[in-house]
Amino acid sequence: MFIRFSRFRFKEGKEGEGAEILARHASKIRSAPGCEDAWVGQGQHPSTEFVVIARFADEASLRSLEGKLRSDPATGGDFFSLLRLTTQPPEVTQYEVRQTTPLPPA
């Protein structure tokens, strides 16, 4: 399993517009082949910080999405439109989940 993690730090007052764009962006990621789910989260302190986390079945699917985000304006345009709303470039990192630990019984 692979995780794609993106962090965005919006300018004060741009959170609402940024959240709308991130919701569309996450929806496009979620519909990519091999993506099992994608979520948008907003920080509590500071509330100007957002993350988009997506889970992929395999590395090939994640790499395919990354290529499409860079080459297809219809898919990657949302990501680039966020740059004018942020205080710094977004952080995008990929993680390979090598082991999961089951939760103890409740």
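Excluded from the calculations below are hydrogen atoms, water molecules and symmetry mates; all remaining heavy atoms, backbone and side chain alike, are included.
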query = Would you say Phe8 and Val52 make side-chain contact, with heavy atoms under 4.5 Å?
reply = yes

task: Please lay out, stage by stage, how Thr87 and Thr48 fare under the test side chain to side chain contact (heavy atoms under 4.5 Å, CB included).
output: CA-CA 10 Å; Thr87 61; Thr48 54; over 6 Å; no

Query raised in the report: Can you tell if the side chain of Arg9 reaches within under 4.5 Å of the side chain of Thr86, non-hydrogen atoms only?
Result: no

### Query
How about Trp39 and Val51: do any of their side-chain heavy atoms sit closer than 4.5 Å?
no

Original post:
Below 4.5 Å, heavy atoms only, C-beta onward: do Arg55 and Met1 meet side chain to side chain?
Top reply: yes

From the list Lys11, Lys14, Arg7, salt bridge (charged side-chain N to carboxylate O under 4.0 Å, His left out) partner of Glu49 resolves to Arg7

| field | Connected via hydrophobic side-chain network under 4.5 Å: Ile53 and Val97 | value | yes

Rounded to the nearest 0.5 Å, the CZ atom of Phe2 sits from the CZ atom of Arg4 at a distance of 14.5 Å

- Query: Does any non-hydrogen side-chain atom of Leu65 lie less than 4.5 Å from one of Pro33?
  - Reply: no

| Any Lys/Arg nitrogen of Glu17 or Arg84 sitting under 4.0 Å from an Asp/Glu carboxylate oxygen of the other? | yes

query: For atom CD of Glu96, is the number of surrounding heavy atoms from other residues, nucleotides or ligands below 6.0 Å larger than 12?
result: yes

Output for pair (Thr93 OG1, Ile3 CD1), nearest 0.5 Å, gives 12.0 Å

Interatomic distance, CD@Glu66 vs CD@Gln94, rounded to 0.5 Å, equals 4.5 Å

Quiz prompt | Heavy-atom donor-acceptor pair, Glu20 side chain to Gly18 backbone, under 3.5 Å | solution = no

- Message: Membership question, hydrophobic clusters at under 4.5 Å side-chain separation (ILVMFWY): are Val40 and Phe5 in the same one?
- Response: no

If you draw a 6.0 Å radius around CZ in Arg63, do more than 12 non-hydrogen atoms from other residues or ligands fall strictly inside? no

Output for pair (Glu36 CD, Phe56 CZ), nearest 0.5 Å, gives 9.5 Å

Spell out, as yes or no, whether a donor-acceptor pair under 3.5 Å connects the side chain of Arg30 to the backbone of Ala38. yes

Q.
Contact between His25 and Leu69 at the side-chain level, heavy atoms closer than 4.5 Å - yes or no?
A. yes

When Val92, Ile29, Leu22 are each screened for side-chain contact (heavy atoms from CB on, under 4.5 Å) with Ser6, the one that passes is Val92

